[in-house]
Participant: 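Structure incoming, see below.
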There are 6 protein chains.
Amino acid sequence: MFFHRKELMFPVKVETPNAQFARMLLEQFGGATGELTAALQYWVQSFHVQQPGIRDMLQDIAFEEFSHLEMVGKLIEQHTAKVDEEAAYDSPLFKIRGIGPHLVDSEGQAWCAAYVNEGANVVRDLRANIAAEAGARQTYECLVKAAPDEGSKKALTFLLTREISHTHMFMKALDSLGKLTDPLFGTVAPDETVNLYFNMSKGDGTDWRGPWNKEPDFNYIAQPKPEGGMMEKIVNPDDEKAKPRGVTEQGSR
Amino acid sequence: MFFHRKELMFPVKVETPNAQFARMLLEQFGGATGELTAALQYWVQSFHVQQPGIRDMLQDIAFEEFSHLEMVGKLIEQHTAKVDEEAAYDSPLFKIRGIGPHLVDSEGQAWCAAYVNEGANVVRDLRANIAAEAGARQTYECLVKAAPDEGSKKALTFLLTREISHTHMFMKALDSLGKLTDPLFGTVAPDETVNLYFNMSKGDGTDWRGPWNKEPDFNYIAQPKPEGGMMEKIVNPDDEKAKPRGVTEQGSR
Amino acid sequence: MFFHRKELMFPVKVETPNAQFARMLLEQFGGATGELTAALQYWVQSFHVQQPGIRDMLQDIAFEEFSHLEMVGKLIEQHTAKVDEEAAYDSPLFKIRGIGPHLVDSEGQAWCAAYVNEGANVVRDLRANIAAEAGARQTYECLVKAAPDEGSKKALTFLLTREISHTHMFMKALDSLGKLTDPLFGTVAPDETVNLYFNMSKGDGTDWRGPWNKEPDFNYIAQPKPEGGMMEKIVNPDDEKAKPRGVTEQGSR
Amino acid sequence: MFFHRKELMFPVKVETPNAQFARMLLEQFGGATGELTAALQYWVQSFHVQQPGIRDMLQDIAFEEFSHLEMVGKLIEQHTAKVDEEAAYDSPLFKIRGIGPHLVDSEGQAWCAAYVNEGANVVRDLRANIAAEAGARQTYECLVKAAPDEGSKKALTFLLTREISHTHMFMKALDSLGKLTDPLFGTVAPDETVNLYFNMSKGDGTDWRGPWNKEPDFNYIAQPKPEGGMMEKIVNPDDEKAKPRGVTEQGSR
Amino acid sequence: MFFHRKELMFPVKVETPNAQFARMLLEQFGGATGELTAALQYWVQSFHVQQPGIRDMLQDIAFEEFSHLEMVGKLIEQHTAKVDEEAAYDSPLFKIRGIGPHLVDSEGQAWCAAYVNEGANVVRDLRANIAAEAGARQTYECLVKAAPDEGSKKALTFLLTREISHTHMFMKALDSLGKLTDPLFGTVAPDETVNLYFNMSKGDGTDWRGPWNKEPDFNYIAQPKPEGGMMEKIVNPDDEKAKPRGVTEQGSR
Amino acid sequence: MFFHRKELMFPVKVETPNAQFARMLLEQFGGATGELTAALQYWVQSFHVQQPGIRDMLQDIAFEEFSHLEMVGKLIEQHTAKVDEEAAYDSPLFKIRGIGPHLVDSEGQAWCAAYVNEGANVVRDLRANIAAEAGARQTYECLVKAAPDEGSKKALTFLLTREISHTHMFMKALDSLGKLTDPLFGTVAPDETVNLYFNMSKGDGTDWRGPWNKEPDFNYIAQPKPEGGMMEKIVNPDDEKAKPRGVTEQGSR
């Protein structure tokens, strides 16, 4: 069951409203890397994750993210409070749809659940969460650098910090399952190609070697070739003339 | 520059076409965890990643994923080859839109770029990729278990295997940056709250402790409280009657 | 600030898992009329609504809707708990993406913020909320009728009941602003056409009269005519041959 | 059957083309609150509404909305007629996609049917329509205020006026069903919780009382508590190690 | 200005309601190839097309498509009239959202304006329209073959026929501009590569030659090579360690 | 199987980075008319097209389009290389999400597969492709005109040229099937209405005649009338009061 206190988790005190910056902030309210994505992702995961400790952690962090979403909303509310007095180019969004946050990103695209990555397996979920935190932290870094006032900067630095904290927690949880540094998980055994590295993209002097494609972990295939052969088409005789009229010969290279 | 060989990367030989299974396979052609998501994500990342070795790796893996997408397409093509002779409930999609793959998931929803997670920072990108691989592997496990014939199962096991291989490569690349097990990255320093764990979700006997919320890594806050205070609303006098007519008193709990 | 108790707001006790019904339940988890739409709509409104009493009410109801969303999630979790043992046609969603709720509707379409109706004016917001509740109640009625067990039916009847309760609250709030039965609101005065009813759609014996188009409230225009005149096109000389070659005459009716 | 007269319903005479304002106008052409949403919503409803009089009204108003959509399109056509001569920041949309209206909102997001609220019940439909009109009116108010010329202002004031007219009609129709001020409708009886108000969101001095949560209509629950109890998880033994390795104790609050 | 007659353009008389077929029909109501796409595409084009004759034609056909959309809606309305008495697997859509048409396709995905192809140039528009008609005709062919009763088949054959008629009209209009068989249009002159055919996809015995890649129209490049050279990356020194730690050598093929 | 060479198909040498132009270029990277749409459309078609020569052509052109997509990506990468030093209004997208291309259009809307037009029939596919090329060429024309430097202009002119080349190829292929100028295709015979032209949209002096509605090809119906008659509603007695209370009379025109 959800409960709410009207006080914020952390102070949000904008000094000078700036509707153009409010628009950038929308990225973390209704955008792909935003707090709504994180909150819903972790919370939805908690319904299917079987491990009680990790399920509890997912809920703890989800509710913190909801509380962060509220802070971002307050930042936007304050930065749009005087939108009618500002001439900044970005204000049309707030002039037409009103002040305060809306569920769109900094480009005005509506939030959608396609941003949420979850399902069926706790290792997959935790890896998705580490990725979500990395995206959120990255966006906060851009916002901190662009923030026009100290109050915004301080609140955003807190939010950035907490994404690192959550990353740490998810890494610890993944490590407790032995899956932070082990690529393998699940119940279907991989086949014998598991250590091959295919050099699919080539260019003079551009085929770098590094730990991700070197022995002893990987067997580097410098010149990959198709192993699957040609596939015969099953011809449907009802289709529009299978053989085009103008064709006179089969090409050769 | 892209090139194509008409032979497949790995054999795809379906024994008995099954349109219902073809529909499930769409999840990896036009779905969130599918090969198109992976191929485009890694390839788009390669435009902004600065490290030449990692950029090369992203391109190598992207082009392998495109080649996997082609294999999934061939599986669907073969599984729908006799859709007119099947009475299975799932065939309407292929009966109306034609046989072969379409850019939709197993529920018929069109693929969209909101599935792609990339931007601005190589650590963020690599974490996003490990997550993408985990989702793909999980879906392949479900498909392997549901596969109605050995040919499909073998091709899908190959595809599942390669997701593990890629995970391994991305982990090695992330480790080469020192970021596989270190939560911190980027240029903005976190504030003093970085080690706090907030117990936001409570229930009798449900507040588990584990490595993700224990000392020495974390300082567990058993009873989190709002630190942000109330926010005064900036009242707009033009708004519809700020004080509702029926209000007679302020509530008390 | 958000808080969570792990106990549910109201009991959810499914007797026999039924994945096909779980799928229908998704309509209220990740669907247009679902609890996520309601919770986010009311909560986002609370950032811009100026009246403190109504803002408080929006938050109270938003957090109840979040708690309802959790109940719907639990219904789905329980109805999918044995999906591997069921042969029902609808299980592919849960077989591929895993058990428990996902942020999609009963057709598998991802939730999107286009469902949310809010912005700029409290009267507009409250009317949007009465509409949202009507949609939610209607879907619950269909689900109650389709529910396969008494436990589901009881929980769904509670959820349906609360939508009526919220409707009542929103009506009272709108009435406190004098806008429950008065169509007019806002600061731009309507012009002299405000009482006209245009009979735009005609058919023999199908032009009904009722309170919505009768005197004294309305002036019924039985044969509406265009009053706006023709609009001269501004011709762009760079365009592809403004006058088509084959044209020889202007048509007459 | 649809018919068309090339003359407009009401005059549209833009004095000075302004591509930036054209962009704002898109909100009512291809946006959530726009005329396309209204026209399609009422028209689709007319297929399932059983009451012949209300069905006729829905069609009359739908066709008026289509005629308004045409007016908005003409406004945009005229405001973009000289886009090549304007340096305004917003013109890229029209410079790349051409002059005239497109089916996107003022932020460039494509119109989608998720904006449309309809289905199964006439009371639900009429409430949805009153909400749709409120959103449309609100957007027109913003546009009237931002309009750069008298011709635009006059046409937009007409369009705003008609939204009020339609609200009036829908209210009369809803009242004819006895549902304008009665929250209850449908065939499933509510349970005993129908009059409870839950004070879910709290803050010192912020728990307002008003007609929406006071006796005799409502029973105010100042301290809501979970009534649903804990839900036992059904553990799936195939899952990744149900008990994480690092867990040593259960937490206590 | 739009007008409506309640009689249909062509008779729609379903003999036996079939909700499963109603679902397939949604493809032409709210689907990509459906009548809404066609109607809105042609009508939106009419705002920017400069040629008065072609603009008139676009409007004539648009309004016929709207009248077809109405017929498809009536087919769906009749096929869902007894949905409560049917046990067909596809009925959940209509059982949850009500009988009659909804703005979704046969897979339940909401209609979106991304289906509409228009803008800036009459040749582009007319080519888009010929494509739209081809998609619509193809879907109608599938529906005619799947239709369970003669009444549906007859109405659908009429609708299929009219798509051919419109194709004919658009071809005549395009021909009147000299652009039915001439690939070139617009004001930017092509460069010297205009007649090259690149054999980008190869396989033993699969490089066919036909009128689309033969002399004298085309110059066939059997072995295309990159002509663009390598691109130097502009390195951002602030980025996460440009040179990964584990890299020891540059790869060679 | 896909392969990649790191050299570009054609040179891309931007002289002066311009983030505002980079944003416009996104239209051809992640936009409706862009290279991703074309590449995926032709490639997906190749799975179901039965004619080996046309299938080969579709793959050849698809892989060229992928190579063009890469060129557009490089243009964007170069135009955003100094985004931190530019003050242009459009930079927020790149400042928040990073430099280089993203899978969005020039308005920031994510690419979606709804842009792709394919399925079931080779004639339909080829017509869809001619339309796709027309849209792409049109957008390139706008971009060439807006390009701020000669290097961009040259690369864009090459890309524009190739769209014309592809149009030529698709026209030749369609002509080889006899379907470039013949509207008819498929296996369902049209009915007797195939030559009727309905004058659905009227206005004084606006009913133009041209090759698209004249004898001998067409039979012009100057005054179309509904032929389908009225449809009786099947009344559902469970519905909310079929007869509204306030209705007293049936209207007459």
Participant: Can you see which heavy atom on F:Thr157 is nearest to which on E:Ala189, and at what distance?
Facilitator: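 Between these two residues, the closest heavy atoms are CG2-O, 3.8 Å.
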Participant: Under 4.5 Å, counting heavy-atom pairs only, tell me which of F:Pro224, F:Ala132, F:Ala131 racks up the most with chain E.
Facilitator: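 Maximum pair count with chain E is reached by F:Ala131.
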Participant: Based on non-hydrogen pairs under 4.5 Å, which of F:Asp60, F:Thr139, F:Asp217 is most in contact with chain E?
Facilitator: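 Heavy-atom pair counts peak at F:Asp60.
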Participant: If every non-hydrogen atom of F:Ser67 is compared with every non-hydrogen atom of E:Met200, which pair is closest and at what distance?
Facilitator: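 Shortest heavy-atom separation between F:Ser67 and E:Met200 comes out as OG-CE, 3.6 Å.
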Participant: Hey, which of E:Ala62, E:Cys142, E:Gly135 has the most heavy atom pairs under 4.5 Å with chain F?
Facilitator: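 Most heavy-atom pairs under 4.5 Å with chain F: E:Gly135.
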Participant: Once you round to the nearest 0.5 Å, how far does CG of E:Leu180 lie from CG of F:Leu180?
Facilitator: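 The distance works out to 5.5 Å.
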Participant: Looking only at heavy atoms and a cut-off of under 4.5 Å, which of F:Asn213, F:Leu126, F:Asp182, F:Asn195 has the most pairs with chain E?
Facilitator: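 Going by pairs under 4.5 Å, I would pick F:Asp182.
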Participant: Would you say that F:Leu8 contacts E:Glu227 through its side chain, given a criterion of any heavy-atom pair below 4.5 Å between the two side chains?
Facilitator: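 Side-chain contact under 4.5 Å: no.
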Participant: Just how far is it from atom CE of E:Met169 to atom CH2 of F:Trp212, taken to the nearest 0.5 Å?
Facilitator: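 It is 12.0 Å, given to the nearest 0.5 Å.
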Participant: Is the count of non-hydrogen atoms from other residues, nucleotides or ligands lying under 6.0 Å from F:Lys154 atom NZ greater than 12?
Facilitator: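 Incorrect, the count does not exceed 12.
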Participant: Select one option (side chain, backbone, both, neither) describing which atoms of E:Met57 are under 4.5 Å from chain F's heavy atoms.
Facilitator: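 Interface part for E:Met57: both.
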Participant: With respect to chain F, which residue among E:Pro190, E:Pro183, E:Gly119 yields the maximal number of heavy-atom pairs within a distance under 4.5 Å?
Facilitator: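 Sorted descending by pairs with chain F, the first entry is E:Pro183.
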Participant: With a 4.5 angstrom heavy-atom cut-off, which part of E:Tyr197 approaches chain F: side chain, backbone, both or neither?
Facilitator: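 Interface part for E:Tyr197: both.
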Participant: Under a 4.5 Å heavy-atom cutoff, which of E:Thr181, E:Val144, E:Ile130, E:Asn117 has the most pairs with chain F?
Facilitator: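 So the answer, after comparing E:Thr181, E:Val144, E:Ile130, E:Asn117, is E:Thr181.
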Participant: Quick one: which of F:Glu163, F:Gln109, F:Arg137 has the most heavy-atom pairs under 4.5 Å with chain E, could you say?
Facilitator: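 Looking at each of F:Glu163, F:Gln109, F:Arg137 in turn, F:Arg137 comes out on top.
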Participant: Distance-only, no hydrogens or angles: does the F:Glu141 side chain make a donor-acceptor pair with backbone N or O of E:Thr187 under 3.5 Å?
Facilitator: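 Looks like yes, one N/O pair under 3.5 Å.
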Participant: Would you say the side chain of F:Met230 lies within less than 4.5 Å of the side chain of E:Lys6, judging by non-hydrogen atoms?
Facilitator: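 SC-SC contact between E:Lys6 and F:Met230 confirmed.
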Participant: Under 3.5 Å, is there a donor-acceptor pair between the side chain of F:Asp56 and the main chain of E:Trp208?
Facilitator: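 Judged by distance alone, yes, a pair lies under 3.5 Å.
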Participant: Do E:Gln59 and F:Thr206 touch side chain to side chain, with heavy atoms closer than 4.5 Å?
Facilitator: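 A side-chain contact is absent here, since even the closest heavy-atom pair is not under 4.5 Å.
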Participant: Who wins among F:Phe218, F:Tyr115, F:Phe158 for the most heavy-atom pairs under 4.5 Å with chain E?
Facilitator: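 Among F:Phe218, F:Tyr115, F:Phe158, the one with the most close pairs to chain E is F:Phe218.
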Participant: With rounding to the nearest 0.5 Å, note down the distance linking CZ in E:Phe185 to CD1 in F:Ile164.
Facilitator: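 These two atoms lie 7.5 Å from each other.
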Participant: Could you have a look at F:Met1, F:Gln138, F:Met71, F:His166 and say which one has the most heavy-atom pairs with chain E under 4.5 angstrom?
Facilitator: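 Of F:Met1, F:Gln138, F:Met71, F:His166, F:Gln138 has the most heavy-atom pairs under 4.5 Å with chain E.
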Participant: Quick one, F:Arg162 and E:Leu196 - any side-chain contact, counting heavy atoms below 4.5 Å?
Facilitator: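 SC-SC contact between F:Arg162 and E:Leu196 confirmed.
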Participant: Looking at F:Val194, is its backbone amide N or carbonyl O close enough to the side chain of E:Thr161 to form a donor-acceptor pair, meaning the two atoms are under 3.5 Å apart?
Facilitator: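 A pair under 3.5 Å: no.
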Participant: Using 0.5 Å steps for rounding, measure from the CG atom of F:Leu184 to the NE2 atom of E:His168.
Facilitator: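 With rounding to 0.5 Å, CG (F:Leu184) is 10.5 Å from NE2 (E:His168).
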Participant: Is F:Met9 close to chain E through its backbone or its side chain, or both, or neither, when contacts mean heavy atoms under 4.5 Å?
Facilitator: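 The answer is both parts of F:Met9.
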Participant: To the nearest 0.5 angstrom, please state how far the CZ atom of F:Arg127 sits from the CD atom of E:Glu133.
Facilitator: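 The CZ atom of F:Arg127 sits 10.0 Å away from the CD atom of E:Glu133.
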Participant: Measuring from atom NZ of F:Lys225 to atom CZ of E:Arg5, what distance do you get when rounded to the nearest 0.5 angstrom?
Facilitator: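 It comes to 10.0 Å.
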